[in-house]
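Taking it in order: structure first as structure tokens, then the write-up.
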Amino acid sequence: MESKQGLKRTHGCGVLRSDHIGQKVVLMGWAQRCRDHGGLIFIDLRDRTGIVQTVFDPARVQEEFSKAESVRSEYVLAVTGKVEKRPEGTENPNLATGQVEVLATNIRILNTAKTPPFYIEDGVDVEENVRLKYRYLDLRRPEMQRALELKHKAAASAREFLNSRGFWEIETPMLTLSTPEGARDFLVPSRLNPGSFYALPQSPQLLKQLLMVSGIERYYQIVRCFRDEDLRADRQPEFTQIDLEMSFVDIDDVIELIENMIVSIYNATRTSNLDLKPPFPRLSYQEAIDRFGSDKPDIRFGLELVDFTDLAAHCGFNVFSKAAESGGQVKGINAKGCGSLSRREIEDLIAFAAVYKAKGLAYFTATGQGLKSPLTKFFTEEEQKTITERFKAEEGDLLLFVADRPSIVADALGALRLHLAGLIGLIPQDKLQFLWVVDFPLLEYDEGERRFSAMHHPFTSPRDEDLPMLKTDPASVRAKAYDLVLNGVEVGGGSIRIHRRDVQEQMFAAIGISPEEARQKFGFLLDAFEYGTPPHGGFAIGFDRLVMLLSGKKTIRDVIAFPKTQSAADLMSGAPNKVSAGQLRDLHIRIDLGGKLKENR
RNA sequence: GGAGCUGUAGUGUAGGGGUUUAACAUGCCGGCCUGUCACGCCGGAGAUCACGGGUUCAAAUCCCGUCAGCUCCGCCA
């Protein structure tokens, strides 16, 4: 192994082009591949800018040649040499640097490397746990570096955009207080206050509102948020938001700002040539649910839900009529061209729908001679014609129906819609379809707790005209809330906030927080509202999700340098781990696993 | 808390009660090779078949359990 001393890197490997021919360069990077022809050695050298071929000719570099012979994959090298045009016929069109090569005059082995558990290249076929255990190697792969670079550029352009719009970047504490409502908190014990705990922020919601009280007027922060809930492909226990808040604004002001910020980010990171122009389409919550069965619909394709409740009400098929009569719905979806699905495949669809609590799937097949189904006997010819028309059924189509409570109908058909679109191949992969969902209900009824809870969060303002209904008809109150959806993924959400103490108290009352609890947990906010709080509102973008979609990844883990597994573990470092008795003693904490002992990793 | 899929040399897979001394590819090691770029050719090493029980004369293979990873439901204002 040799020292780097005295050598200065002159170029990135990936930047060399024909223009550089004749130049003497010093490159530093990793050995991608070595091709030893006995009398001639090629070493592909890689750094974060790309790959270039270096050549070792024994006639020109005698003692260096034996060093080159000893090079293995992922050795760290400094190569000095001259950029030359490749001999006629040996150019490599698959390499950006393929017109040239570096004829080495000197090589220093800066470090050796064990054989990596997987190749450092794009599209590796390895189990994710291996990638996660050796994350530092996984991140060496060009596609991972591109994702992290894209994320960096997105953050930089968001900052630039918000700065230009008069926003100030202000930090808020990570050690903050636990409040009721919302996700489960990550807790941090306070050594100086035995028995008390900080909570890591689920978002800086209250603090940014208080910054509005402070007259900051425009705040933003690219900030880590923590929620101790179960993980998914697009959910990590810690994730990053572009969080912002502004005073003296209405819904349209925030939406305009976010649309332009998104376009700036897209332009700074563009990987495709889409025409992304505001305004983005808007859909009311109710329309989204009615047409797509989801409050974050993917509108890149059709396959919309069709209401059938009116016809179902007086048909002879009990499942349908009962659902329709008891306040439920009967809705369906036209699976274009799925009429040829086998019995077995339809059973699979039924099992799929069952996950969302649908008790079954009724179906009709459209044929040249009308509808075919065990259910046709329950419908007159006239009614069957109506079905055909309403579903725009053509020969070879499959109509699938769910009859149940509206929420189950929406969930099951909404999920089925996405599933079928994937099967049929209806989803355009290279499209970025943004969509606003607006007019959310302020509250939703929690069957389990038998009370209303905030759909967005308890600081969301009701629409002015709906305010009186907060006491009389809470379910009908609409919120000044808006979600940003991209390709069926919720990538952001925000609202105009409550800025009056009396309204905030009404809101707490509506969701069953007693005046005492409100004063105890949110007293500082209520007090603040009495000192001249401006009307204000804001937004938060799920930054990892946005970057995931912009970079075409299927999971948020692929755009987070060191993500956690589904059981919230870090396979590389071993976190979370056990701590010493002394540490626990300092914190006055005693562990009671109640028999739930998990082996130490 | 629940459902499904997965776990076999470093990596990716095959083998689904005894013809297995566990196969193939790639990687790795050694040799040969002056225009390769997934270099090529020859040779070699490398596996307590995730872990723990059980059934059996015999288990990588069948059964039960555990653990881990992924996807999803619940959960995530």
Side-chain angles (χ1 to χ4, degrees), chain A residues 32-45 51-60 65 72-74 86-95 97-98 101 103 114-121 123-134 137 179-185 202-203 205 225-237 239 348 351-358 411-412 415 418-419 440-444 446 448 452-460 479 481 483 490 493 495 507 511 513 540 542 554-555 557 564-567 569 571 598-599 601:
Chain A
Q32 177 72 20
R33 269 204 165 81
C34 309
R35 290 176 296 281
D36 184 347
H37 288 235
L40 192 67
I41 298 174
F42 299 100
I43 296 178
D44 291 339
L45 196 65
I51 293 176
V52 72
Q53 171 167 280
T54 65
V55 189
F56 294 81
D57 183 343
R60 312 204 202 186
F65 191 79
R72 296 290 178 269
S73 280
E74 298 307 312
R86 288 199 186 194
E88 192 79 32
T90 64
E91 301 88 354
N92 185 349
N94 301 320
L95 224 51
T97 59
E101 61 192 9
L103 191 64
K114 284 168 73 173
T115 304
F118 48 85
Y119 239 123
I120 309 302
E121 64 186 8
V124 285
D125 184 16
V126 248
E127 287 191 23
E128 197 170 353
N129 53 0
V130 179
R131 290 176 52 204
L132 289 173
K133 179 172 178 192
Y134 299 95
L137 296 180
T179 54
E181 296 290 305
R184 195 175 291 113
D185 284 322
Q202 296 177 28
S203 82
Q205 184 60 36
C225 302
F226 305 86
R227 294 178 191 175
D228 188 7
E229 297 291 348
D230 286 2
L231 290 82
R232 287 284 191 284
D234 62 355
R235 273 163 38 188
Q236 284 275 306
F239 61 98
D348 286 347
F352 178 85
V355 171
Y356 302 87
K357 308 248 162 57
D411 284 353
L418 294 176
H419 184 63
F440 280 83
L442 184 70
L443 304 166
E444 60 188 341
D446 186 326
F452 282 99
S453 63
M455 191 157 191
H456 196 61
H457 57 53
F459 314 106
T460 299
D483 274 2
E490 185 195 327
S495 62
M507 179 68 180
I511 60 175
I513 294 181
K554 293 206 159 42
T555 150
R557 295 186 298 278
K564 293 183 175 54
T565 66
Q566 197 158 53
S567 55
L571 294 183
K598 223 177 184 182
E599 280 299 308
R601 279 170 227 282

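Below, chains carry the letters A, B, ... as their sequence lines are ordered, and counting in each starts from 1.
A salt bridge is defined here as a Lys NZ or Arg NE, NH1 or NH2 lying under 4.0 Å from an Asp or Glu carboxylate O, and Arg184(A) with Glu229(A) meets this definition. Between Asp185(A) and Arg227(A) there is no salt bridge, since no side-chain N of the basic residue sits under 4.0 Å from a carboxylate O of the acidic one. Salt-bridge check for Glu74(A) with Lys114(A): failed, with every basic side-chain N at 4.0 Å or more from each acidic carboxylate O.
A cation-pi arrangement is present between Arg33(A) and Tyr119(A) under the rule of less than 6.0 angstrom and at most 45 degrees off the ring axis.
Pairing of G7(B), defined by two Watson-Crick or G-U wobble distances under 3.5 Å, is identified with C67(B). Nucleotide C24(B) has G12(B) as its partner under the Watson-Crick or G-U criteria, with both atom distances under 3.5 Å. Taking a pair to require two hydrogen-bonding distances under 3.5 Å in either a Watson-Crick or a G-U wobble arrangement, G30(B) pairs with C42(B). In this entry U48(B) has no Watson-Crick or G-U wobble partner, no candidate having both defining distances under 3.5 Å. G18(B): Watson-Crick or G-U partner is C57(B), with both key distances under 3.5 Å.
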Sequence-aligned protein contact record of nucleotides 35-51 of chain B, with B where the base is within under 4.0 Å of a protein heavy atom and S where only the sugar-phosphate is: BBBSB------------

Using a 4.0 Å heavy-atom cut-off, write out nucleotides 5-11 of chain B from 5' to 3' as B (base contacted by protein), S (sugar-phosphate only) or - (no contact). -----SS

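Among the atoms of the strands shown, none is found under 4.0 Å from any heavy atom of Arg184(A). Base contact: Ser203(A) has a heavy atom under 4.0 Å from a base atom. Within 4.0 Å (heavy atoms only), Arg60(A) reaches no atom of the nucleic acid at all. Residue-level contact check: Tyr356(A) touches the backbone only, with heavy atoms under 4.0 Å from sugar-phosphate atoms and none from bases.
The side chain of Glu128(A) sits closest to C70(B) out of A68(B), U71(B), C70(B).
Regarding Lys564(A), its NZ atom lies at a distance of 16 Å from the P atom of A68(B), rounded to whole Å. In this structure, CG of Leu571(A) is placed 13 Å from C1' of C67(B), rounded to the nearest angstrom. Between Asp230(A) atom CG and C70(B) atom C1' there is a gap of 14 Å when expressed in whole angstrom units. Taking atom CD of Gln566(A) as the reference point, atom C1' of G4(B) lies 12 Å away to the nearest angstrom.
Counting only N and O atoms by type, the side chains of Asn92(A) and Gln53(A) include no donor and acceptor under 3.5 Å apart.
The side chain of Arg232(A) places no N or O atom within less than 4.0 Å of a non-bridging phosphate oxygen (OP1 or OP2) of C75(B).
Glycosidic conformation, G16(B): syn, with the torsion inside 90° of 0.
Comparing Arg557(A) and Arg235(A) by the nucleotide of RNA chain B whose heavy atom lies nearest to each, the residue mapping closer to the 5' end is Arg557(A).
For the pair Gln32(A) (side chain) and Ile120(A) (backbone), a donor-acceptor distance under 3.5 Å is present.
Tyr134(A) and Phe118(A) have perpendicular rings, their planes meeting at more than 60° on a 0 to 90° scale where under 30° would count as parallel.
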